[in-house]
Amino acid sequence: MSGSSQPNTKKGNGPSQKPSPSASATCSTKGQRHRHKQLESRQKRQRFVQIGNIAFSVIKGDIIQQTTDVLVNSAVPDLDLSKGRASKALVEAAGKSIQSECTNQYPSGINSKTVAITGPGNLHCKAIFHVTLPRWKAQGDEKNIDLVVRNCLVEANKQKLTSVSFPALGTGFLKYPPRTVIASMFQTVEDFTKKTPNSTVKVVNCIVYSEDDETYKEFQEEAISKATSKGLKEIDMVTQNSLDANIGAISVNITVGSIITEKADVIVNSCPSDMRLDTRPGLAKVMYDAAGSGLKTEIDKTYPNGIKIGDLAVTGGHSLHCKKLYHGCLTPFYAKKESGMLPEKILQNFVTKCLNEANKYSVKSIVFPALGTGFLKFPPKTAASNVIKAIRDFQMNNVQSSVKTIKIVIFGGTNDWTSIEQAYVLELNSTGQGATACAAPPPQKIPGRGTRAYLAHKYQEEPRPPPYWTHFKSNQTIKDWNTSQKGNPCKVTSVDTKTYQSIAKAFTSTGGSTIVKIERVENILLYEKYIQECQRTFRKAFVTQLCTPLQNVKKSSGPALTLKYLDQEMTKHLHEEINEFYLFHGTKVNAVDVIIQQGLDSRLASSGLLGTGVYTAETAFKSAGYTDQNKNGESKMFLMRVCLGDIFITTQMTTFRRPPCMKCYNETCIKHPELFDSVVAEFGSRREFVVYDRVKCYPEYIITYK
């Protein structure tokens, strides 16, 4: 079978039972759509006030979801992060290393005059600033807010950080009046900008908890009142000229603003492959609305089937201030290789195609958006380095190019524009020795498990076979083995006594019968494909967020049962950061040899309870129901390594062709790039684990039993 709960067809090793649709997975009701729309709207940037060189905003949301350089945490003086709702939620999301840092670096705790600084853990920031406030007693205590905010801004500037998110300081248990708090924050920011006009800090957000409507209303009203009294206006985005530089004879300008207001011979647009510009939020939709209906008519006529990833499509500029629009489809940063190329290489090649096309038709000026940094989730440094490298390479190969002016416009209406701006400025000021094609600089030592630095490390490392393999040993990398290996890349070996006992315990404790033998499959080609998929999942987790552990996913009945019985010597090689588990997979005897050589292939199987995928189970009893016997009365079952990644849980039978969207739960969503990696069905005492991509599992052990 393709899964432990579904039988194989005669042709292959996939599931066979027919599922039925699930309302929970399609967002089909108006109520669901309304809730999802509300959720999305909470993540959008609010209007803000420009105070000196700082954009100041009040945002309704969750501070642990913010992407600014600094997140500020309001803690108790002894820095016990288990005390207080906000601190507790933060340490749960960031990881236990944050508490350890606080304890080790600040053993005496802090007071309202000090700032404790820790790393980001799993959060999407560069640092966490921990502060403390005394309880509100009387008017005049707002000086405590001023002190804390000022100290944080000073420290952020000292560390050359660009953006800070504060919680609604003191408005909960400490009883600070909301209007007093926001007025004090506003005044402190204004004073700071006057005293430090060249500060690196460009964005300050005040995050009000999503469900605290009254505090949010008071904060907004007071902030608007304060801004109006000083003659300031709410604006939607920052507009500024960030840098002018030269690459050979080409003038390169970095600007923060809106690309649709630009005037040039060519404007570049990032779009979906079907070229339906109105279906995806962000640049494509903005470009579609600004260009007018003529653009849609031309696309429908000229590109009725869309374009391939990385290709270049050319249309007229229509109502935009340009002669031509160049459209291209890129892939998310954590996507798989396309035609053998990583997403950053596709980005670099697309920029090159745009410049070559421009040169071919004697174009003088071209405007690019900050390609990849929005919807596609590229880290700013990676996006900037690949774009600038493409420009440098083009100039080197086309000294007499017609292209004289290149402008890169960074959208100034998001929280992360400053980090993108900084990445481009640093890249243009660098020596230009090549593009950075990784998520973070290679670490000097292995970071702590569960941290974002560890995710980056696992994505970047050159993988090796597991240290317990005996034929393909870990003294060489997988690439070394695959380039030197002669003959069959698959070896089936016996296991040591400790491994045998560990697997036997998990097998018999979950309903398995008499074991004849246990063998390990060392297939270096299959394992390479599996570990590359694990690395892609590490990369996705680094860019978006750490995978929610199986036991913490809503509606989950707990961790995989196999973990309860397998020895720690086995499970320590799994990566909980990407929800990697050992799970059982029952199959027909005559399919075993094909699986160990070629892996599991759901394409050869009929649909199961959750569609056509590779099915596994946490109990041997369940998997045993879908095996057969050879002439000696023996059956076969695999214990597989499975990378579940981001898990979608359903309690109803649902026909999936792939996991649903992580934002709207629709299987065919094209508005959001993030999909779940696997589906787990909670059917009472029965639990199904399904992946829809064969490389997400590796058949590591064969259990022969009677």
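Geometrically, R657 does not engage Y692 in a cation-pi contact, judged by NZ or CZ lying under 6.0 Å from the ring centre and within 45° of the ring axis.
Look at K458 and E577 and you find no salt bridge, because none of the NZ, NE, NH1 or NH2 atoms lies under 4.0 Å from a carboxylate O. The pair K696-E533 meets the salt-bridge criterion, with a side-chain N (NZ, NE, NH1 or NH2) lying under 4.0 Å from an Asp/Glu carboxylate O.
T627 OG1 to E634 CD: the interatomic distance, rounded to the nearest 0.5 Å, is 12.0 Å. Atom CD of Q460 and atom CG of L455 lie 11.0 Å apart (nearest 0.5 Å). With values rounded to the nearest 0.5 angstrom, R449 atom CZ is found 10.0 Å from H457 atom NE2. Rounding to the nearest 0.5 angstrom, the gap separating the CG atom in D480 from the CZ atom in R464 is 7.5 Å. Taken from CD1 in I478 to OG1 in T483, the straight-line distance is 12.0 Å, to the nearest 0.5 Å. Interatomic distance, CZ of R694 versus CG of L526, reported as 7.5 Å (0.5 Å rounding).
With E700 contributing its side chain and R641 its backbone, the two residues share no donor-acceptor pair below 3.5 Å. A donor-acceptor pair is defined here as one N or O able to donate and one able to accept, closer than 3.5 Å; no such pair exists between the side chain of R658 and the backbone of L675. Between the D646 side chain and the D677 main chain, no donor and acceptor come within less than 3.5 Å of each other. In this structure, E101 contributes its side chain and G119 its backbone to a donor-acceptor pair below 3.5 Å.
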**Report entry** Test log, rule side-chain contact (heavy atoms from CB on, under 4.5 Å), inputs I647 and T548
**Finding:** CA-CA 8 Å; I647 300 168; T548 302; over 6 Å; no

Report task. For side-chain contact (heavy atoms from CB on, under 4.5 Å), just list the numbers for I307 and C271, CA-CA rounded to whole Å, side-chain angles, deciding distance to a tenth of an Å, and then say yes or no. Result -> CA-CA 10 Å; I307 56 176; C271 66; 4.3 Å; yes

Query - side-chain contact (heavy atoms from CB on, under 4.5 Å) assessment of F333 paired with E344 - result: CA-CA 7 Å; F333 178 67; E344 52 265 38; 3.9 Å; yes

Requested in this report: List the steps and the verdict of side-chain contact (heavy atoms from CB on, under 4.5 Å) for F584 and K622.
Outcome: CA-CA 9 Å; F584 294 109; K622 186 174 184 61; over 6 Å; no

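Within the 4.5 Å cutoff, the side chain of V695 has no heavy atoms near those of the R536 side chain. Contact check for H585 versus T616: side-chain heavy atoms found under the 4.5 Å cut-off. Two residues are said to be in side-chain contact when any heavy atoms from C-beta on lie closer than 4.5 Å; K308 and C329 fail this criterion. F676 places none of its side-chain heavy atoms less than 4.5 Å from the side chain of L644. Under the 4.5 Å side-chain criterion, counting only non-hydrogen atoms from C-beta, E569 is not in contact with S502. F581 has its side chain out of reach of E618: every pair of non-hydrogen atoms, C-beta onward, lies at least 4.5 Å apart. Looking only at side-chain heavy atoms (C-beta outward), Y698 and N523 come within less than 4.5 Å of each other. Counting heavy atoms from C-beta outward, Q535 and P463 have side chains that approach closer than 4.5 Å.
Ring geometry for Y665 versus F648: interplanar angle of 30 to 60°, hence tilted.
Within 6.0 Å of OH in Y500 there are more than 12 heavy atoms belonging to other residues, nucleotides or ligands. Heavy atoms from other residues, nucleotides or ligands lying under 6.0 Å from NZ of K345 number 12 at most. When the shell of 6.0 Å around CD of E462 is examined, it contains more than 12 heavy atoms from other residues, nucleotides or ligands.
Side-chain N/O atoms of K636 and T704 include a donor and acceptor closer than 3.5 Å. Remark: the T499 side chain and the Y701 side chain contain no N/O donor-acceptor pair separated by less than 3.5 Å.
Aromatic rings of F542 and Y459 (six-membered ring for Trp) have centroids beyond the 6.0 Å cut-off, not under it.
Of all heavy-atom pairs between S97 and G121, the closest is OG-CA, 4.3 Å. Contact record, P489 with L525: CG-CD1, 3.5 Å, taken as the closest heavy-atom pair. Across all their heavy atoms, Y615 and G613 have their closest contact at CD1-O, 3.3 Å. Contact detail for V521 and C490: the closest heavy-atom pair is CG1-SG, 4.0 Å. Taking both residues in full, the closest heavy atoms of Q99 and S82 are given as OE1-N, 4.2 Å, listed atom of the first, atom of the second, then distance. P120 and I98 get closest at one heavy-atom pair: C-CD1, 4.0 Å.
Paired with C643 under the rule side chain to side chain contact (heavy atoms under 4.5 Å, CB included), one option of L574, I578, I531 passes, and it is I578.
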